[in-house]
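Okay, structure first, notes after.
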Number of protein chains: 2
Amino acid sequence: MDHGVHKRILIVEDEASIREMIAFALRKAGMDAMQAADARAAQLAIAEQVPDLILLDWMLPGTSGLELARRLRKEELSREIPIIMLTARGEEMDRVNGLEAGVDDYVVKPFSTRELIARIKAVLRRSQGDDGSGMVELGRLRIDGPAHRVFAGDEAVPIGPTEYRLLYFFMTHPERVYSRTQLLDHVWGGSVYVEERTVDVHIRRLRKTLEPWKLEDMVQTVRGTGYRFSLSA
Amino acid sequence: MDHGVHKRILIVEDEASIREMIAFALRKAGMDAMQAADARAAQLAIAEQVPDLILLDWMLPGTSGLELARRLRKEELSREIPIIMLTARGEEMDRVNGLEAGVDDYVVKPFSTRELIARIKAVLRRSQGDDGSGMVELGRLRIDGPAHRVFAGDEAVPIGPTEYRLLYFFMTHPERVYSRTQLLDHVWGGSVYVEERTVDVHIRRLRKTLEPWKLEDMVQTVRGTGYRFSLSA
DNA sequence: CACTAATGTTACGCGTCGATGACACCCATG
DNA sequence: CATGGGTGTCATCGACGCGTAACATTAGTG
């Protein structure tokens with residue numbers, strides 16, 4: 001389901017101009033756009049390559065969007081794919097039907113691309129480990145947001161405030177390098193000024209707290225760039 | 001508060017279509033849905049029939065959701081009812097403010113009904129070591145609501161009124177951090193103004209109360225955040 | 001292989017936060 | 001009216017965590 005950095009979005013919309021507009025916006029946002037003009041084409045596209053999310057126009061020639069959504073929910077291959085419905089104003093009342101069909105969100109036309117992208121990201125976020133419970137799990141590490149606790153396996157890991165925030169950030173943004181400045185922005189908050197090297201020290205402290213569980217290798221140095229949190233050594 | 005199988009959920013939301021949508025989803029999930037369009041209607045509905053949980057829109061005409069939440073926390077009748085806030089696409093500021101108001105959880109719009117139901121169940125489960133009889137048990141600690149008594153193993157624990165309420169709240173909301181403000185809201189009720197530090201003192205007294213049974217470690221400090229009640233050290 | 005920049009590591013002082021004990025007040029109860 | 005338990009507030013003390021600098025080590029570079 002995950003294809004590196006780029007998320008694959010399937011646009012199912014009969015009007016070519018709208019399709020193109022959306023596709024353009026998606027690409028600009030760093031996503032891959034697939035297109036289909038009707039239900040038939042959509043199913044073929046999915047069979048060929050499963051997308052991470054489907055944008056589905058309410059009104060389609062032939063099989064309606066709602067009907068297609070229902071159908072997709074029934075098939076094993078497409079059951080888990082989040083769907084965002086594109087509805088025109090006045091069709092909102094049918095939300096209930098859409099929900100019944102398992103649609104994840106609605107965007108009402110006309111919409112700004114900014115809003116659309118935001119919604120897509122929100123839905124994608126939810127459909128990945130972030131189930132809303134505030135729990136994040138990565139390898140043997142587990143972080144319980146509500147309880148403000150970290151577990152390695154099922155043992156509690158004693159950890160201080162800043163280390164906790166740093167680890168939390170890393171766990172929610174793994175497999176990616178962050179510069180010291182970026183880490184300061186995200187973990188410390190942009191308003192405070194501290195030396196960049198301070199990050200090093202906290203990285204050190206984080207490693208040390210993970211040491212008893214041999215997890216210190218998850219915090220990795222990328223020389224000349226910054227740090228990365230990763231499963232693989 | 002327990003009405004057989006069906007949990008009673010009160011939806012407070014001004015927009016009828018959203019209200020209906022949620023109500024539909026709730027019923028499909030086997031819950032009873034009550035509805036209210038504003039704070040006034042909500043209070044009337046609660047007075048008539050106390051729900052098991054309240055879904056509260058952040059933006060309401062007249063009295064805001066936040067304000068209503070505070071008010072509900074002040075009244076004896078509604079103090080114990082878990083609240084889930086429905087907030088618009090706001091940032092963490094909403095989150096913080098909401099949690100400070102003694103809200104149990106919040107869900108950001110737009111949300112999928114799947115997510116909403118999951119959260120509701122999570123919150124209901126959490127505030128329900130209570131099996132309906134008013135008995136709560138956690139580790140060697142047992143609390144008898146109707147009798148207003150606490151037992152460690154089978155010995156009775158002498159405990160004062162405030163300590164009792166604090167412990168009761170902790171027992172029904174374990175494994176989760178609460179700020180001093182949150183504890184004040186939930187245990188003291190929002191209507192009285194007391195210093196935040198007072199919480200520290202009662203934490204201390206509660207710990208001392210539990211000491212003879214070596215249970216004082218269940219009350220845990222989370223530096224910079226608040227306190228947590230937990231089984232594991 | 002030597003040199004240098006980047007990172008690792010340790011130590012230390014300071015500030016913040018929490019723990020604790022003392023105290024005054026309130027209210028119920030005898 | 002007196003007594004005592006219960007509660008909120010305050011001042012103090014101590015522990016903890018944080019940021020910084022100083023020193024050690026490593027990894028690129030020519």
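By convention in this document, chain letters (A, B, ...) are assigned in the order of the sequence lines, proteins followed by strands, and residues within each chain are numbered from 1.
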(message) Any residue in residues 198-211 of chain A with a heavy atom nearer than 4.0 angstrom to DNA chain D? Just list them by number, or reply none.
(response) A:Thr198, A:Val201, A:His202, A:Arg205

(request) May I ask you to verify if any side-chain N or O of B:Thr162 is less than 4.0 angstrom from the OP1 or OP2 atom of D:dT7? (result) yes

(message) I'd like to know if B:Arg119 pairs up with B:Asp105 as an ion pair, taking the criterion as any Lys NZ or Arg NE/NH1/NH2 lying under 4.0 Å from an Asp or Glu carboxylate oxygen.
(response) yes

(request) Please give the angle, rounded to 10 degrees, between the axes at the start and the end of the helix from C:dC1-D:dG30 to C:dG30-D:dC1, where five pairs define each axis. (result) 20°

(request) Report yes if some heavy atom in the side chain of A:Tyr168 is under 4.5 Å from a heavy atom in the side chain of A:Val187; otherwise report no. (result) no

(request) Tell me yes or no: between the side chains of B:Thr221 and B:Arg207, is some donor less than 3.5 Å from an acceptor? (result) yes

(request) Check every atom of D:dG8, D:dG19, D:dC18 against the side chain of B:Trp188 and return the nucleotide holding the closest atom. (result) D:dG8

(request) Send over the distance from B:Glu195 CD to D:dC10 P, rounded to a whole Å. (result) 5 Å

(message) Quick check: do B:Phe170 and B:Met218 have side-chain heavy atoms less than 4.5 Å from each other?
(response) no

(request) Answer yes or no: is there a side-chain heavy-atom contact under 4.5 Å between A:Gln220 and A:Phe229? (result) no

(request) Please evaluate the base of C:dG18 for a donor-acceptor partner in the side chain of B:Arg180 within a cut-off of under 3.5 Å? (result) no

Pairs under 3.5 angstrom, nitrogen or oxygen only, protein versus nucleotides 24-30 of chain D, please.
none

(request) Just say parallel, tilted or perpendicular for the rings of B:Trp188 and B:His202, cut-offs at 30° and 60°. (result) perpendicular

(message) Quick check on C:dG8: is either OP1 or OP2 less than 4.0 Å from any side-chain nitrogen or oxygen of A:Tyr227?
(response) yes

(request) Hey, can you tell me if B:Tyr164 and B:His148 have their rings parallel, tilted or perpendicular (30° and 60° cut-offs)? (result) parallel

(message) Please identify which of these residues, B:Ile83, B:Ile22, B:Val12, meets the side chain to side chain contact (heavy atoms under 4.5 Å, CB included) condition with B:Leu55.
(response) B:Ile22

(message) Check the phosphate of C:dC17 against B:Thr221, side-chain N and O only, distance under 4.0 Å to OP1 or OP2. Yes or no?
(response) no

(message) One thing to verify: whether B:Asp57 and B:Arg19 come together as a salt bridge, which I'm taking to mean a side-chain N less than 4.0 angstrom from a carboxylate O.
(response) no

(message) For B:Asp32, is there an ion pair with B:Arg27 - N to carboxylate O distance below 4.0 angstrom?
(response) no

